[in-house]
Amino acid sequence: MCSFRDQETLDTMLRLIVIGLLFTICFGFKQGRIVDGNPTEITEHPYQVSLESEGYHFCGGSIISPDWVVTAAHCVTEGHSISVVDPSTLQVRAGSSYSGEGGSVHQVSKIIVHPEYAVSNDIAVLKVSPPFVFNDTVKPIPMATVSPSGGATAVVTGWGNGQYQLQELDVGIIDKRICNMQLFFINNSMLCAKALRLFKGPCSGDSGGPLVSNGKLVGVASFVIGSCAAGFPDVYADVAYLRNWVESVTGVA
């Protein structure tokens with residue numbers, strides 16, 4: 001049996017093992033999208049945004065204030081050293097049901113990644129300029145203060161790489177203890193959910209996008225195990241658990 005001298009060693013080993021798995025499994029799907037979701041309109045999910053690089057969608061995000069978007073840390077970092085990408089290379093598109101067109105485009109001026117991101121704590125915030133102008137297609141969503149219980153229903157949305165119209169999918173929250181029995185490395189910063197029907201689920205292009213329950217942002221799409229919609233629980237960053245950090249760096253309560 002192996003022993004770990006400290007938590008830092010454990011986190012480092014977990015990151016090396018699981019990031020290697022994610023690179024092969026999750027980020028390898030260049031045409032990933034919500035599998036067998038339903039087309040929807042941005043007016044139904046006006047908090048949803050598209051992160052773009054060179055005009056192309058690559059991740060999702062959620063509006064939490066006129067200036068700030070929540071997304072996944074892995075969307076805005078690169079390399080084994082987890083270096084943050086240059087914010088000047090990224091834009092946020094809001095207020096459109098369609099990938100790459102319509103709505104309003106906002107330059108990313110600042111990226112802040114959770115300081116303890118290492119597969120766990122997969123969350124980041126983006127400051128945009130100019131600020132969002134709220135209307136029927138562009139609205140913030142409140143962050144959850146309490147993690148949803150196992151059995152609660154939620155909806156995940158996103159475009160995925162190559163998906164033209166916004167998709168939505170109903171999912172069920174899985175109790176963390178039950179999820180950990182299947183995946184073995186779930187901790188407090190993670191939330192598990194699974195599609196209510198077989199062969200449905202989010203995929204890599206949906207990373208960073210919102211998981212919403214009872215009108216509140218409860219999760220940030222993080223990663224899948226196996227191929228997309230393979231039957232395993234999908235993993236999200238737990239917004240309620242990570243909310244204090246978001247508030248501390250953005251001032252958004």
Side-chain angles (χ1 to χ4, degrees), residues 1-29 32 34-35 59 71-75 77 79-82 113-124 144 146-154 156 158 169-211 213 217-245:
M1 180 176 180
C2 297
S3 62
F4 297 94
R5 294 183 179 180
D6 52 42
Q7 186 63 39
E8 182 178 0
T9 302
L10 176 59
D11 287 344
T12 299
M13 291 193 69
L14 176 64
R15 178 167 67 86
L16 291 174
I17 293 170
V18 182
I19 282 183
L21 179 65
L22 297 186
F23 183 82
T24 301
I25 296 173
C26 183
F27 302 125
F29 291 92
I34 287 181
V35 177
C59 270
T71 189
H74 77 258
C75 287
T77 55
H80 294 299
S81 61
I82 313 183
V113 172
H114 195 287
E116 297 178 8
Y117 164 57
V119 179
S120 301
N121 306 300
D122 188 8
I123 196 167
V146 177
S147 302
S149 302
T153 57
V156 58
L169 181 67
D170 293 329
V171 299
I173 304 297
I174 301 175
D175 183 271
K176 289 187 182 183
R177 290 171 297 178
I178 295 174
C179 189
N180 201 42
M181 293 173 65
Q182 299 180 60
L183 302 185
F184 306 112
F185 52 79
I186 300 303
N187 59 36
N188 287 335
S189 76
M190 299 174 180
L191 187 66
C192 296
K194 190 174 179 180
L196 301 179
R197 297 180 63 184
L198 292 175
F199 311 118
K200 296 174 179 280
C203 207
S204 59
D206 301 308
S207 288
L211 177 69
S213 183
L217 182 66
V218 298
V220 175
S222 184
F223 62 89
V224 300
I225 298 295
S227 60
C228 302
F232 292 101
D234 303 312
V235 182
Y236 301 78
D238 189 326
V239 169
Y241 180 82
L242 297 163
R243 177 186 174 123
N244 286 345
W245 174 79

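One finds the SG atom of Cys59 at 5.0 Å from the NE2 atom of His74 (value rounded to the nearest 0.5 Å).
Two residues are said to be in side-chain contact when any heavy atoms from C-beta on lie closer than 4.5 Å; Met190 and Asp122 fail this criterion. With a 4.5 Å cut-off on side-chain heavy atoms, Leu183 and Val235 count as touching. You'll find the side chain of Val113 reaches within 4.5 Å of the side chain of Thr77, heavy atoms only.
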Margin query: Checking Val218 against Tyr236 for the side chain to side chain contact (heavy atoms under 4.5 Å, CB included) test, could you report, in this order, the C-alpha distance in whole Å, the side-chain angles of both residues, the deciding distance, and whether it holds?
Written below: CA-CA 9 Å; Val218 298; Tyr236 301 78; over 6 Å; no
Next item on the list: List the steps and the verdict of side chain to side chain contact (heavy atoms under 4.5 Å, CB included) for Tyr117 and Ile123.
Entry: CA-CA 7 Å; Tyr117 164 57; Ile123 196 167; over 6 Å; no
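Nearest heavy-atom pair, Ser207 versus Ser222, reported as atom, atom and distance to 0.1 Å: OG-O, 3.9 Å. When all heavy atoms are compared, the tightest approach of Ala193 to Leu211 is CB-CD2, 4.4 Å. Between Ala72 and Ala221, the shortest heavy-atom contact is CB-O, 3.7 Å.
With sequence neighbours excluded, the residues that form a side-chain contact (heavy atoms from CB on, under 4.5 Å) with Asn180 are Ile186. Every residue two or more places apart in sequence or in another chain that forms a side-chain contact (heavy atoms from CB on, under 4.5 Å) with Ala240 is listed here: Ala144, Ser147, Asp238. Partners of Ser189 under the side-chain contact (heavy atoms from CB on, under 4.5 Å) rule, at least two apart in sequence or in another chain, are Ser120, Asn121, Asn187, Tyr241, Leu242.
For the pair Ser213 (side chain) and Thr153 (backbone), a donor-acceptor distance under 3.5 Å is present.
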